[in-house]
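In what follows, a single structure is set out as structure tokens and then discussed.
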Amino acid sequence: MVKRFCQWLYEEWSENFIFVCQEEMVKGTYVRFEYKLRFMREVMVQYLQHRLLKWFDENQRIFPWREDRATKYQQIVSEILLQRTKAETVAKYYDTFFSKFPDWNALANASLEELEEIMKPLGLYRHRARRLYKLGEDIRRRGGRIPGNENELRDSGFIGLYVTNAFELFILRNRKPLLDVNMSRLLKRYFKPGDFIDVRHDKEIQELANDIIEVRRCKELNWAILDYAALVCKTRNPLCGECVLNKHCKYYELSQGDVTEESE
DNA sequence: GTCCCGACTT
DNA sequence: AAGTCCGGAC
């Protein structure tokens, strides 16, 4: 009941949503603690979704693989080029690759040596060449067609969790998170900063990622998080002062606490 | 030196 | 779970 009311209030008057509900929770009679925790997490989730989508509309980075004219082939291959590589680096390299291998057919006819050669400037070239070669093989085996649903995708010997999620997000239009080091860092800071365990095996972060992207503009929110993590919530020297999430960010809260203790 | 829109092998 | 791949940006 309270949640439904807040949902409505959020849609009607999003900026004041958080404040009103927090006041109610603080002053409200007998709100169970567990419920409050769940609720606050819900508030944080919706706040992040709303603020980052808004931020994205004004501050998004422009990349060729995000444009409408990018083919499915380009979208998928780009995700492999992006692995462990800065997006800006891939952007500069983009035409080099796709002018030589413009479509699935060109990729399927490429030799492993050719692929290695063209990907040397990008780094990780032997791994990437092997993955792309396997991908070309796989597409050729299925007669030039890409997987059309989740089952075909699973059976296709496709590549890795990240690329699989990207495929589902972009091609199958499913709501999936592009959970990489950047999204992991942002979520970890915002929700539960502290210990530095390997985020790749952090179930909690994975659940958060899956919850966060449950919005209509799922693709945009994914890009928003990646852009925001690259430009504002950076690994080194994050710009917490001008962050649009700092009102509810646990990491910011902690850093503010440290500052006041030092100054006193 | 560290880090980047990961995935693979051991 | 940790090591390795890799060039380039910082």
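Since the structure is predicted, the reported quantities are computational estimates derived from the model, not experimental observations. Hydrogens, waters and symmetry mates are skipped; everything else that's a heavy atom, side chains included, is used. Within every chain, numbering begins at 1; the chains are lettered A, B, ... in the order of the sequence lines, protein sequences first and strands thereafter.
- Between the side chains of A/Gln83 and A/Arg131, a donor-acceptor pair is found at a separation under 3.5 Å.
- With a heavy-atom cut-off of 4.0 Å to chain A, the contacted part of DNA chain B has its first and last nucleotide at B/dT2 to B/dC8.
- Note that the CD1 atom of A/Ile76 and the CD1 atom of A/Ile171 stand 4.5 Å from one another [nearest 0.5 Å].
- A donor-acceptor contact closer than 3.5 angstrom is absent between the side chains of A/Glu79 and A/Gln75.
- Within residues 214-235 of chain A, no residue has any heavy atom closer than 4.0 Å to DNA chain C.
- Side-chain contact of A/Asn182 with A/Asp180: a donor-acceptor pair under 3.5 Å is present, judged by distance alone.
- Counting only residues at least two apart or in different chains, side-chain hydrogen bond (donor to acceptor under 3.5 Å, both in side chains) contacts with residues 230-243 of chain A comprise A/Arg185-A/Thr235.
- Pairs passing the side-chain hydrogen bond (donor to acceptor under 3.5 Å, both in side chains) check and including a residue from residues 86-98 of chain A, sequence neighbours excluded, read A/Arg61-A/Glu88.
- With A/Trp104 as the partner, the side chain to side chain contact (heavy atoms under 4.5 Å, CB included) test is satisfied by one option alone out of A/Asn109, A/Thr71, A/Ile146: A/Ile146.
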**Asked** Dot-bracket for DNA chain C: what is it, with Watson-Crick or G-U pairs under 3.5 Å, [ ] where a pair crosses earlier ones, and | for a pair to another strand?
**Response** |||||.||||
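- With a 4.5 Å cut-off on side-chain heavy atoms, A/Lys247 and A/Arg51 do not count as touching.
- In the displayed structure, A/Arg126 atom CZ is contacted under 6.0 Å by at most 12 heavy atoms of other residues, nucleotides or ligands.
- At the heavy-atom level, A/Val181 lies under 4.0 Å from the strands shown only through sugar-phosphate atoms.
- Put simply, CD on A/Glu117 and CD on A/Glu113 are 10.0 Å apart, with the number rounded to the nearest 0.5 Å.
- Comment: A/Arg142 engages A/Asp138 in a salt bridge, judged by a side-chain N to carboxylate O separation of less than 4.0 angstrom.
- A heavy-atom distance below 4.0 Å to DNA chain C is reached by these residues of residues 106-130 of chain A, ordered by number: A/Lys120, A/Pro121, A/Gly123, A/Leu124, A/Tyr125, A/Arg126, A/His127.
- Base contact: A/Phe63 has a heavy atom under 4.0 Å from a base atom.
- A/Val244 and A/Leu187 fall within the same hydrophobic cluster, defined by Ile, Leu, Val, Met, Phe, Trp and Tyr side-chain heavy atoms under 4.5 Å apart, directly or through other members.
- Here, B/dT10 and C/dC6 have their P atoms 15 Å apart, quoted to the whole Å.
- Looking at heavy-atom distances under 4.0 Å, A/Arg61 makes contact with a base.
- When A/Lys188, A/Lys192, A/Arg41 are each tested for a salt bridge (charged side-chain N to carboxylate O under 4.0 Å, His left out) with A/Glu204, only one passes: A/Lys192.
- Spacing between C/dT4 and B/dC5 at atom P, rounded to whole Å, works out to 23 Å.
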